[in-house]
Every structure is written in C-alpha cells, then in structure tokens.
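Below you'll find the structure, written out as structure tokens, and then a few comments.
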Number of protein chains: 2
Amino acid sequence: MPSAAGKAEKSARTRRPRGSINPADIIAGAFDFYRDTPIEQWSIPQLATHLDVGVTSIYWYFRTKRELVAAMTEAALASFYERMPPLRGEGWEELLRNFFLDFHRLLAADDLACDLIVRQIGVPGDDLLGGDPVARNWPRAQELFAALEAAGLPAALAQHAFFTLSVYTQGFLLVERKGRSAPSAASPGDDLEFGITNILRGLRPLLAPTEEGRGVA
Amino acid sequence: MPSAAGKAEKSARTRRPRGSINPADIIAGAFDFYRDTPIEQWSIPQLATHLDVGVTSIYWYFRTKRELVAAMTEAALASFYERMPPLRGEGWEELLRNFFLDFHRLLAADDLACDLIVRQIGVPGDDLLGGDPVARNWPRAQELFAALEAAGLPAALAQHAFFTLSVYTQGFLLVERKGRSAPSAASPGDDLEFGITNILRGLRPLLAPTEEGRGVA
DNA sequence: ACCTGAACACCGTTCAAGT
DNA sequence: ACCTGAACACCGTTCAAGT
C-alpha cells in the first residue's frame with residue numbers, strides 16, 4: 001500500500017515560537033540525553049530530535065560541536081563548584097585531606113563530569129577553555145587557602161600542597177576510570193587515602209623543619 | 001571540454017599484490033600520518049589514501065576504528081617500554097625518583113603516546129584494552145621492584161610507592177597537557193620534582209618508623 | 001532575530017565482487 | 001586468502017529560506 005500511507009510522519013513537528021529555546025535549555029538537554037553515552041557517540045542531529053528542535057537551531061547558539069562541549073564543561077564545572085561541601089576539619093592537614101576526598105567523591109560519582117572536567121575529552125587543541133579548569137580561580141579554593149593560612153600553613157606551602165594534591169587526585173580519577181572496564185593487577189582499592197596521607201606526611205617537615213630537636217642549625 | 005578529459009584520474013592506483021600490506025605497516029603508517037593530529041580528526045579513508053591501499057584493506061585487518069586505535073595503543077606502550085632507560089641511582093629513593101622522571105620525560109615529549117597510553121583517548125567503553133596499561137605486567141617495573149627490595153625497601157611498601165608515584169606522574173602529565181594551550185594561574189613549572197620528592201619524604205618514615213630515637217615502643 | 005528542512009561533503013563500515 | 005571501488009546510513013555544518 002504505497003500511496004495510502006496512514007502515517008506520513010515527515011515534518012510532524014510544529015514550528016516553535018521565537019525564544020522557545022536558549023543555550024541553557026540546550027546544555028541541560030544535552031546533559032540529560034548524553035549522561036551515559038561516551039562523547040564520541042554524541043550527535044547534534046540526534047540531540048536536536050531529543051530537544052524537539054531543528055538541527056540548525058542548535059547551530060544558532062553554538063557555532064560548532066566543540067563550542068557546545070566547551071559550554072557543557074563550563075556548566076559541569078559550575079555545578080561541581082556548587083556541590084563541593086563546606087570546609088571541614090581541624091588543622092591544615094585535615095582541611096586538605098577532607099577537601100580532596102570530597103573533590104574525588106564528587107567526580108568519581110559522575111563519569112560525564114569527570115570526562116569533561118578532568119580528562120577534558122572532546123575539546124581537542126582548544127583555545128575555548130582556559131587550560132586546567134580545576135586550577136582556575138575557584139571561590140572554594142580561595143576559602144581553603146584562607147583557612148590553611150589561619151591554621152598556620154604559610155601561603156607558599158599551601159599553594160604547593162594544593163597543586164600536588166590536585167594533581168594526585170586527578171591522576172587517581174584518571175587511573176580509576178581506565179581500570180573500570182577491566183580491572184588489572186594493581187587496582188586502586190582505597191589507596192586514595194594512603195596517597196593523600198603520604199603526601200601530607202611529606203609536607204609536614206617543611207612546615208616545622210627543626211622538629212627533631214637539633215636546633216635551628 | 002567534457003569528454004576529452006586529459007586527466008581522468010579515477011582509480012589511478014594499480015592493484016596491490018596479496019601480502020603487500022600487514023597490520024604492522026598499517027599501524028606504522030598511522031603513527032606517521034597522525035603524529036600531530038588530534039584523534040577525533042582521524043579518518044580511515046584518509047589513512048587508506050596515505051597508505052595507498054583501498055579502504056577495505058584496512059578493515060580486513062582491523063574490524064573497527066577502535067580496534068586499530070587499541071592496536072596503536074599497544075604499539076605505543078611497547079615502544080615506551082623499550083625506550084625507558086636502565087635503572088639508575090643509589091638507594092630506593094633515587095631509584096624511584098629517576099624512574100618516574102624518565103617516565104614523565106618520555107611521555108611528555110610525545111603527545112600521541114601520552115594520549116593513547118595515559119589519557120586513553122579513542123577507545124571508549126572498551127574491553128579491547130585491559131585497564132590501565134602502565135600498571136600491567138611490565139618487565140622494567142619488575143626490575144625496579146627487585147632493585148628496591150635489594151635497596152632495603154619491603155615489597156609491600158614498594159608497591160604502594162610505585163602506585164602512588166605512577167598516579168602522581170600520570171596526573172601531572174594530564175594537567176600539563178591540559179594547560180598547554182592556555183597556561184592558567186597555577187602552572188606546573190618544574191613542580192614535578194617537588195611532588196616526587198614530597199611523596200618520597202612521606203614514605204621515608206614508613207620504612208624506619210622509630211628513627212626519632214623513641215625506641216621500638 | 002530566531003527557527004527551519006534540505007543539501008553538502010564527508011565519515012565509519014559493509015557489499016559484492018575481483019584475483 | 002587477500003585486495004578492491006561503489007554503496008549505505010550516518011555525521012557536522014551550511015544554505016536559503018521562512019516568520
């Protein structure tokens with residue numbers, strides 16, 4: 001029955017009014033639609049169908065796919081910032097430990113955010129993002145620096161500590177993610193705590209270098 | 001002049017004899033061709049043209065693009081293993097420090113190898129690779145473990161040390177690579193040495209926990 | 001100013017052969 | 001057993017409109 005065609009589905013969608021989509025809706029819809037899909041498999045036409053808009057409407061707000069992914073990275077980052085719990089712990093060691101345990105917990109629970117923020121997948125050769133997002137001006141990190149200084153850790157040392165622990169935690173997330181599908185010989189286990197504790201123990205003598213009782217020498 | 005067509009370039013290539021390509025040639029050609037191209041921009045048809053073979057010949061040896069990329073990762077890993085210099089240094093601390101400085105130097109100098117091995121880009125959701133390649137049975141690492149034991153570092157502690165330093169170094173490579181295009185506030189600088197030294201200093205008291213003169217308590 | 005489908009030059013992959 | 005071009009269903013992106 002070729003011409004009867006009860007379901008002539010072509011262009012079933014009605015035209016949307018102006019202002020009925022905006023960048024925020026597109027980004028939110030993309031997070032919803034792609035939460036469990038590896039980034040290589042994303043497709044703008046498919047996203048358009050999911051959002052019930054024409055493909056070209058997405059291109060009105062984001063000139064390329066990379067630009068959309070970059071915007072999603074910014075959004076994931078903002079959400080991550082917001083969800084970081086308040087500082088907790090007594091003394092600089094506990095403050096740092098809890099900060100990076102929270103850091104890890106939030107990103108380990110969200111593969112998409114981890115891919116966007118830590119692995120920075122899908123934004124190749126980019127000038128769209130300004131380098132490592134984690135290291136950028138981050139209000140919560142400023143809070144932490146203030147608290148560390150109040151707890152007696154000099155500013156220079158606090159920066160070293162932050163950078164070292166940030167690098168370690170991101171490396172841990174990366175290795176953890178790689179080992180997900182096929183756990184190999186050396187599995188992470190709960191070694192994150194070991195690594196953090198060890199780094200903190202290494203920092204300790206830098207704060208009080210004359211603790212062994214040998215005088216100021 | 002529609003029909004004269006002095007340069008009818010269609011199918012200018014002559015048919016290749018059987019056995020004139022093999023997986024190794026394809027992988028080698030891919031490294032040559034793609035050394036400076038972000039992986040998202042790779043194209044099998046273009047690679048075929050570069051290798052002067054039909055597209056389908058590549059698909060005879062690699063059933064999907066992912067399979068080819070996985071094979072390239074294995075190859076990059078083998079080359080990395082080979083290029084790691086011999087162990088050097090006196091005592092476990094120097095052995096570990098030099099090992100991971102070499103580790104970093106080799107991968108920092110080769111973006112493609114770093115993407116394949118450390119970031120594991122282009123092999124999404126894979127069972128093709130067995131988790132983190134770095135952590136897999138690696139002859140040079142076995143050597144290192146033997147040398148560490150000979151230098152007085154207990155096996156259990158050596159494994160912790162290796163894992164922690166491996167995670168840190170990979171995190172460093174990742175952050176370094178992210179910060180490449182647009183250097184942000186906290187730049188790595190030569191902080192790799194700081195981080196490694198700090199981790200080693202943290203490990204030290206685990207080896208000789210009674211060094212402060214307080215007895216075995 | 002915003003929304004749209006059809007069109008373009010590709011892509012990964014398969015088909016249906018050729019030798 | 002290996003090599004092949006043409007074909008298929010897609011993709012990212014642009015064109016040329018519609019309102």
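Just so it is clear: chains get the letters A, B, ... in the order the sequence lines come, proteins before strands, and each one is counted from 1.
Under a 4.0 Å N-O distance rule, the pair A:Asp102/A:Arg88 qualifies as a salt bridge. The pair A:Arg35-A:Asp111 fails the salt-bridge criterion, with no side-chain N (NZ, NE, NH1 or NH2) lying under 4.0 Å from an Asp/Glu carboxylate O. A salt bridge links B:Arg97 to B:Glu193: one of the charged nitrogens lies within less than 4.0 Å of a carboxylate oxygen.
Atom pair A:Gln41:CD and D:dA9:P shows a separation of 20 Å (rounding to whole Å applied). For A:Ile44 and C:dA6, the CD1 to C1' distance is 18 Å, given to the nearest whole Å. Going from atom CG of B:Leu68 over to atom C1' of C:dC11 covers 15 Å, rounded to whole Å. Taking atom NZ of B:Lys65 as the reference point, atom P of C:dG12 lies 4 Å away to the nearest angstrom. Going from atom CZ of B:Arg63 over to atom P of D:dC2 covers 15 Å, rounded to whole Å.
Contact record, B:Val55 with B:Pro45: CG1-CA, 3.8 Å, taken as the closest heavy-atom pair. Looking at every heavy atom in both residues, A:Val69 comes nearest to A:Ile121 through CG1-O, 4.1 Å.
A residue-by-residue look at B:Ser43 and B:Arg15 shows that B:Ser43 has its nearest nucleotide of DNA chain C further toward the 5' end.
At distances below 3.5 Å, not a single donor-acceptor pair connects side-chain atoms of B:Asn198 with backbone N or O atoms of B:Phe194. Distance alone, capped at 3.5 Å, is enough to place a donor-acceptor pair between the B:Lys65 side chain and the B:Trp42 backbone. Side-chain N or O atoms of B:Ser57 include none that pairs as donor or acceptor with a backbone N or O of B:Val53 at under 3.5 Å.
Proximity of the aromatic rings of A:Tyr168 and B:Phe172 is defined here by a centroid distance below 6.0 angstrom, and this criterion is not met. Note: B:Trp92 and B:Phe162 fail the aromatic proximity criterion, with ring centroids not under 6.0 Å apart. For A:Phe80 and A:Phe103, the gap between ring centers is short of 6.0 Å.
The stretch residues 19-34 of chain B comes close to DNA chain D through B:Gly19, B:Ser20, B:Ile21, each having a heavy atom under 4.0 Å from the strand. Within residues 46-62 of chain A, the residues that place at least one heavy atom under 4.0 Å from DNA chain D are, in residue-number order, A:Gln46, A:Val55, A:Thr56, A:Tyr59.
Consecutive Watson-Crick or G-U pairs involving DNA chain D, each under 3.5 Å on both distances, make up stems of three or more pairs at C:4-8 with D:12-16, C:12-16 with D:4-8.
Within 4.0 Å of A:Arg16, counting heavy atoms only, lie sugar-phosphate atoms of the nucleic acid but no base atom.
Ranking C:dT13, C:dA1, C:dT19 by closeness to the A:Arg18 side chain, first place goes to C:dA1.
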